[in-house]
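Here is the structure we will look at.
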Amino acid sequence: DVKVTQSSRYLVKRTGEKVFLECVQDMDHENMFWYRQDPGLGLRLIYFSYDVKMKEKGDIPEGYSVSREKKERFSLILESASTNQTSMYLCASSSATGQETYGYTFGSGTRLTVV
Amino acid sequence: AQTVTQSQPEMSVQEAETVTLSCTYDTSESNYYLFWYKQPPSRQMILVIRQEAYKQQNATENRFSVNFQKAAKSFSLKISDSQLGDTAMYFCAFMKYGGSYIPTFGRGTSLIVHP
């Protein structure tokens with residue numbers, strides 16, 4: 001069964017800490033994505049990557065950075081966590097073969113609380 | 001830019017009954033994909049159903065079916081014989097054919113199935 005695995009289900013961090021959220025997929029997908037999910041706001045794209053060492057800003061990149069050193073791993077970094085980054089973070093991957101797409105495979109999510 | 005609107009933030013239905021979740025979108029594209037995703041309380045988001053805009057036939061997956069009205073830019077999800085396990089957030093998503101392979105999500109509809 002194909003999987004996108006996020007390393008933590010729940011995290012509690014202090015304001016100002018550097019936070020790493022890890023995501024690994026075993027499907028050999030080219031594309032990987034980080035979203036945050038907040039009630040009433042749906043899913044908002046933070047960053048995405050089409051290939052190793054490539055990254056593109058999404059709709060809300062401020063306060064975040066990403067790293068993709070290997071195809072299967074896409075990390076989200078909060079350089080200095082703030083309380084307004086308390087949220088659910090979802091990782092997703094997809095394979096785009098030519099013009100075809102079958103949508104995303106999501107991870108289980110990481111609930112981050114910044115205190 | 002595309003927009004996706006889910007006009008029903010919350011819905012409820014009795015077990016075994018049928019419920020329809022609405023989704024409308026705005027685009028100038030002629031070829032695209034539409035998706036419904038389900039996010040149960042356990043949080044992992046899964047793909048429910050996928051529709052390709054150039055196909056006239058409405059997609060069906062077991063108890064889940066869509067009513068795709070391309071001219072009206074409407075993509076509703078019908079759940080027949082609702083089960084308690086259908087309780088979840090449901091997200092409608094639009095993805096342009098080719099291009100960036102990044103979907104635009106609606107804000108979601110929370111569905112509760114009552115016994």
Side-chain angles (χ1 to χ4, degrees), chain A residues 1-6 8-11 23 25 27 29-51 54-61 87-112, chain B residues 1-10 21 23-25 29-55 59 61 64 66 75 77 88-110:
Chain A
D1 200 13
V2 295
K3 276 191 174 179
V4 176
T5 302
Q6 294 184 232
S8 303
R9 293 290 295 268
Y10 300 94
L11 276 178
C23 176
Q25 50 97 0
M27 297 165 284
H29 281 172
E30 298 86 1
N31 310 323
M32 297 188 74
F33 308 83
W34 276 106
Y35 286 87
R36 65 176 283 175
Q37 182 181 10
D38 300 289
L41 297 179
L43 277 69
R44 293 182 290 169
L45 182 63
I46 305 171
Y47 267 97
F48 58 100
S49 169
Y50 291 133
D51 202 350
M54 292 184 65
K55 59 185 179 184
E56 298 284 345
K57 292 180 180 179
D59 300 320
I60 53 164
S87 186
M88 172 72 75
Y89 290 87
L90 296 177
C91 176
S93 72
S94 72
S95 177
T97 305
Q99 297 294 317
E100 195 59 82
T101 180
Y102 293 92
Y104 281 1
T105 301
F106 282 89
S108 295
T110 297
R111 170 74 67 184
L112 173 67
Chain B
Q2 291 80 23
T3 59
V4 176
T5 302
Q6 294 179 248
S7 59
Q8 305 147 316
E10 297 178 350
L21 309 183
C23 173
T24 58
Y25 57 95
E29 302 288 335
S30 57
N31 290 325
Y32 47 87
Y33 300 95
L34 295 162
F35 305 91
W36 278 99
Y37 287 90
K38 171 185 176 182
Q39 187 181 38
S42 63
R43 294 179 303 157
Q44 184 149 22
M45 191 143 4
I46 58 173
L47 180 65
V48 175
I49 203 162
R50 166 182 176 269
Q51 175 81 42
E52 297 171 64
Y54 68 89
K55 290 187 176 179
E61 289 289 342
F64 297 86
V66 297
F75 183 61
L77 175 70
M89 282 290 292
Y90 288 83
F91 292 92
C92 178
F94 169 99
M95 185 187 289
K96 189 173 69 170
Y97 195 69
S100 65
Y101 298 106
I102 297 174
T104 300
F105 288 90
R107 294 192 174 189
T109 296
S110 175

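Each chain gets a letter, A, B and so on, in the order its sequence line appears, and its residues count up from 1.
With sequence neighbours excluded, no residue satisfies salt bridge (charged side-chain N to carboxylate O under 4.0 Å, His left out) with A:Asp51.
Between chain B and the options A:Gly42, A:Pro39, A:Gly58, heavy-atom pairs under 4.5 Å are most frequent for A:Gly42.
Using modelled atom types, one finds a donor on one side chain and an acceptor on the other under 3.5 Å when comparing A:Tyr35 with A:Tyr104.
The parts of B:Pro103 that come within reach of chain A are both its backbone and its side chain, each placing non-hydrogen atoms under 4.5 angstrom from that chain. Heavy atoms closer than 4.5 Å to chain B are found in both the backbone and the side chain of A:Arg9. Within the 4.5 angstrom heavy-atom criterion, only side-chain atoms of B:Gln39, from C-beta onward, approach chain A. Of the two parts of A:Glu56, neither the backbone nor the side chain holds a non-hydrogen atom closer than 4.5 Å to a non-hydrogen atom of chain B.
Between A:Gln6 and A:Cys91, the shortest heavy-atom contact is OE1-N, 3.0 Å.
Taking the six-membered ring where tryptophan is involved, the planes of A:Tyr50 and A:Phe48 are perpendicular, since the angle between them exceeds 60° and thus also 30°.
Between B:Tyr32 and B:Phe94, the distance from one ring center to the other falls under 6.0 angstrom.
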